[in-house]
Asks: 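Let me give you the structure first, and then I'll get to my questions.
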Amino acid sequence: MTDTTVLELDGVTKEYGEQAPVHALRGVSFSVRQGEMVAIVGQSGSGKSTLLHIMGTLDRPTSGVVRIDGVDAARLDDREISSLRAHKIGFVFQQFFLAEHATVRENVADGLLYAGVPATERLQLAELALQRVGLADRADFTPGTLSGGQRQRVAIARAIVGQPAVVLADEPTGSLDSTTGASIMDLIRDLNDSGTTIVMITHDMTLADQLPRRVRLLDGQIVSDSDRQEPT
Ligand code: ADP
Ligand code: MG
């Protein structure tokens, strides 16, 4: 791990709706250093997915600051934000979101679609990413021929193909059986061991307990962060 901060939130709030707004986030501040692996935990409705979307610049906060690799996202227009996201962030979701009619290789290459990488190079890099997740032999298959665990490996390959500053994962094992989930966790840990910065949402405490840092959300606020000195 280094001292370089790749992701920083300062006083982030998020309200949904105008009349009787839902306060999904109520002043969240925390930062992630390069090489870290962080679990975000908390019960359903505590704001985990909202936080992930805002960290990933898929959504803008109502107030507060989001910095990705030192860049204040609020200062960027939509086109610049898309570019920042394409270069700096990889996403993994519970529901893999693969294109069913494209090959596994094309699905992974699509992770570079908005990063300005030429097509031939996209496919070559996809090949390398598939090797990292142990699916090089499935490159020409379509997702429909794969198991759930393999599909999530494809989604992970797509997330890491551009070597993003941070990978954000929302319940990556949430729709897998426990054995498959454990193997996906092993993969995620391997990626982290080789330097990938990872923030992972989970409501599985057994999984979270295996991670070096846990941030707990409750009603849109951080109530504990194992990295931080707890008040005594
Ligand atoms: P979690 O991922 O921890 O289950 P969410 O971030 O999905 O929590 O939701 C936090 C709160 O914000 C919940 O009360 C939820 O109903 C609300 N919420 C989330 N997304 C929206 C939305 N698009 N519109 C309105 N309310 C939302
Ligand atoms: Mg959620």
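Index from 1, following the sequence.
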Asks: Grab the two heavy atoms, one from G144 and one from E100, that are nearest each other, plus how far apart they are.
Replies: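 So the minimum-distance heavy-atom pair works out to N-OE1, 3.5 Å.
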
Asks: Between E121 (side chain) and P118 (backbone), is there a donor-acceptor pair under 3.5 Å?
Replies: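 No; judged by distance alone, with no hydrogens or angles, the pair does not exist.
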
Asks: When the side chains of residues 63-75 are checked against the rest of the protein, which donor-acceptor pairs come out under 3.5 Å, sequence neighbours left out?
Replies:
from, atom 1, to, atom 2, distance (Å)
S63, OG, T13, OG1, 2.6
R67, NH1, E8, OE1, 3.2
D69, OD2, K88, NZ, 2.7
D72, OD1, A74, N, 3.0

Asks: Counting distance only, does the side-chain N/O of T196 pair as donor-acceptor with the main-chain N or O of L191 below 3.5 Å?
Replies: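 Between the backbone of L191 and the side chain of T196 there is a qualifying donor-acceptor contact (under 3.5 Å).
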
Asks: Could you work out, with side-chain contact (heavy atoms from CB on, under 4.5 Å) as the rule, every residue matching L113, not counting sequence neighbours?
Replies: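 If we apply the side-chain contact (heavy atoms from CB on, under 4.5 Å) test to L113, skipping adjacent residues, the hits are D110, R122.
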
Asks: Begin from the C-alpha positions of M55 and V12 and carry the test side chain to side chain contact (heavy atoms under 4.5 Å, CB included) through to its verdict.
Replies: CA-CA 10 Å; M55 290 191 297; V12 165; over 6 Å; no

Asks: Determine whether V32 and T197 satisfy the following criterion, side chain to side chain contact (heavy atoms under 4.5 Å, CB included), listing intermediate values before the conclusion.
Replies: CA-CA 8 Å; V32 177; T197 309; 3.6 Å; yes

Asks: May I ask whether V154 and M200 are part of the same hydrophobic cluster, defined by side-chain heavy atoms of I, L, V, M, F, W, Y residues being less than 4.5 angstrom apart, directly or through others?
Replies: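 As far as the 4.5 Å side-chain criterion goes, M200 and V154 are connected within one cluster.
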
Asks: So, the side chain of S226 versus the backbone of R214: is there a donor-acceptor pair under 3.5 Å, distance only?
Replies: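 At least one qualifying donor-acceptor pair exists.
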
Asks: Who pairs with T5 by side-chain hydrogen bond (donor to acceptor under 3.5 Å, both in side chains), at least two apart in sequence or on another chain?
Replies: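 side-chain hydrogen bond (donor to acceptor under 3.5 Å, both in side chains) check on T5 returns nothing, list empty.
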
Asks: Within this structure, what is the OG-CD distance for the pair S49 and Q94, rounded to the nearest 0.5 Å?
Replies: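 Result: 9.0 Å between the selected atoms.
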
Asks: Are the side chain of H87 and the backbone of A115 linked by a donor-acceptor contact shorter than 3.5 Å?
Replies: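 Yes; judged by distance alone, with no hydrogens or angles, the pair exists.
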
Asks: Any heavy-atom pair between the side chains of L218 and Q43 that's under 4.5 Å?
Replies: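 Answer yes - side chains close enough.
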
Asks: One thing to verify: whether D78 and R60 come together as a salt bridge, which I'm taking to mean a side-chain N less than 4.0 angstrom from a carboxylate O.
Replies: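 A salt bridge is present here (some side-chain N lies under 4.0 Å from a carboxylate O).
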
Asks: Restricting to non-hydrogen atoms, name the atom on N107 and the atom on A102 that form the minimum distance, rounded to 0.1 Å.
Replies: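 That closest heavy-atom pairing would be ND2-O, 3.5 Å.
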
Asks: Grab the two heavy atoms, one from S46 and one from L217, that are nearest each other, plus how far apart they are.
Replies: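 Looks like CB-O, 3.7 Å.
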
Asks: If I take atom CG from residue L98 and atom OG1 from residue T142, how far apart are they, to the nearest 0.5 angstrom?
Replies: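 Result: 10.5 Å between the selected atoms.
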
Asks: Grouping I, L, V, M, F, W and Y whenever their side-chain heavy atoms are under 4.5 Å apart, do V133 and V108 come out in a common cluster?
Replies: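 Cluster IDs for V133 and V108 match.
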
Asks: Side chain of S147, backbone of Q150: donor and acceptor closer than 3.5 Å?
Replies: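 Yes, S147 side chain to Q150 backbone: donor-acceptor pair under 3.5 Å.
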
Asks: Minimum heavy-atom separation for A136 to Q131, with atom names?
Replies: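 That would be CB-CG, 3.8 Å.
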
Asks: Taking the side chain as C-beta and beyond, is there a heavy-atom pair between L25 and P61 under 4.5 Å?
Replies: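 With C-beta onward as the side chain, the pair stays apart.
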
Asks: Is there a continuous path of hydrophobic side-chain contacts, each under 4.5 Å between heavy atoms, that joins V215 to V28?
Replies: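 Yes, it is one cluster - the side chains of V215 and V28 are joined through contacts under 4.5 Å.
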
Asks: Answer with yes or no whether the hydrophobic clustering places L51 together with V6; edges join I, L, V, M, F, W, Y residues whose side-chain heavy atoms lie under 4.5 Å apart.
Replies: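 They do share one cluster, since a chain of ILVMFWY contacts under 4.5 Å joins L51 to V6.
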
Asks: Have a look at I40 and tell me which of I222, L168, V199, T202 forms a side chain to side chain contact (heavy atoms under 4.5 Å, CB included) with it.
Replies: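 Answer to the side chain to side chain contact (heavy atoms under 4.5 Å, CB included) test with I40 among I222, L168, V199, T202: V199.
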
Asks: Any donor-acceptor pair under 3.5 Å linking the side chain of D170 with the backbone of I201?
Replies: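 No; zero donor-acceptor contacts below 3.5 Å.
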
Asks: Please list, chain by chain and in numerical order, all residues satisfying side-chain contact (heavy atoms from CB on, under 4.5 Å) with P21, sequence neighbours excluded.
Replies: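 For P21, the residues satisfying side-chain contact (heavy atoms from CB on, under 4.5 Å) (neighbours in sequence not counted) are E15, H23.
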
Asks: Please lay out, stage by stage, how L125 and L128 fare under the test side chain to side chain contact (heavy atoms under 4.5 Å, CB included).
Replies: CA-CA 5 Å; L125 291 169; L128 293 176; 4.3 Å; yes

Asks: Among the clusters formed by ILVMFWY side chains lying less than 4.5 Å apart, do V41 and L9 turn up in the same one?
Replies: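 Looking at the clustering, L9 is in a separate group from V41.
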
Asks: Provide the closest heavy-atom pair for G181 versus L176 in the form atom of the first, atom of the second, distance.
Replies: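 Residues G181 and L176, closest heavy atoms: N-CB, 4.0 Å.
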
Asks: What's the spacing between I160 CD1 and R132 CZ if we round to 0.5 Å?
Replies: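 Here the rounded value is 4.0 Å.
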
Asks: Considering only distance and modelled atom types, tabulate donor-acceptor pairs under 3.5 Å from the side chains of residues 182-189, sequence neighbours left out.
Replies:
from, atom 1, to, atom 2, distance (Å)
S183, OG, R153, NH2, 3.4
S183, OG, T180, O, 2.9
D186, OD1, R189, NH2, 3.0
R189, NH1, Q210, OE1, 2.9
R189, NH2, Q210, OE1, 3.4

Asks: With ring-ring contact (aromatic ring centres under 6.0 Å, His included) as the rule and sequence neighbours excluded, what pairs involving residues 93-133 come up?
Replies: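 Pairs touching residues 93-133 that pass the test: F91-F93, F93-F97.
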
Asks: Nearest 0.5 Å please: distance from the CG atom of L112 over to the CZ atom of R158.
Replies: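 One finds 11.5 Å between CG of L112 and CZ of R158.
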
Asks: Does a side-chain heavy-atom distance below 4.5 Å link S44 with H203?
Replies: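 No - every pair of side-chain heavy atoms lies 4.5 Å or more apart.
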
Asks: Is it the case that more than 12 heavy atoms not belonging to Q163 sit under 6.0 Å from its CD atom?
Replies: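 It does not: Q163 CD has 12 such atoms or fewer within range.
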
Asks: K48 side chain to R216 main-chain N or O, any donor-acceptor pair under 3.5 Å?
Replies: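 Between the backbone of R216 and the side chain of K48 there is no qualifying donor-acceptor contact (under 3.5 Å).
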
Asks: Please report the closest heavy-atom contact between R213 and D227, naming both atoms and the distance.
Replies: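 Looking at all heavy atoms of both residues, the shortest contact is NE-CB, 3.1 Å.
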
Asks: Keeping the roles fixed (side chain from S83, backbone from R79), state whether a donor-acceptor pair exists under 3.5 Å.
Replies: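 Such a contact is absent between S83 side chain and R79 backbone.
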
Asks: How long is the straight-line distance from CG of D190 back to CG of N192, given to the nearest 0.5 Å?
Replies: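 Here the rounded value is 9.5 Å.
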
Asks: Going by heavy atoms in the side chains, are Y16 and T50 under 4.5 Å from each other?
Replies: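 They are in side-chain contact.
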
Asks: From I156 CD1 over to L130 CG, what is the distance, rounded to the nearest 0.5 angstrom?
Replies: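 So the gap between those two atoms works out to 11.5 Å.
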
Asks: Tell me, with the steps shown, if E80 and D77 meet side chain to side chain contact (heavy atoms under 4.5 Å, CB included).
Replies: CA-CA 5 Å; E80 291 167 328; D77 63 29; 3.3 Å; yes

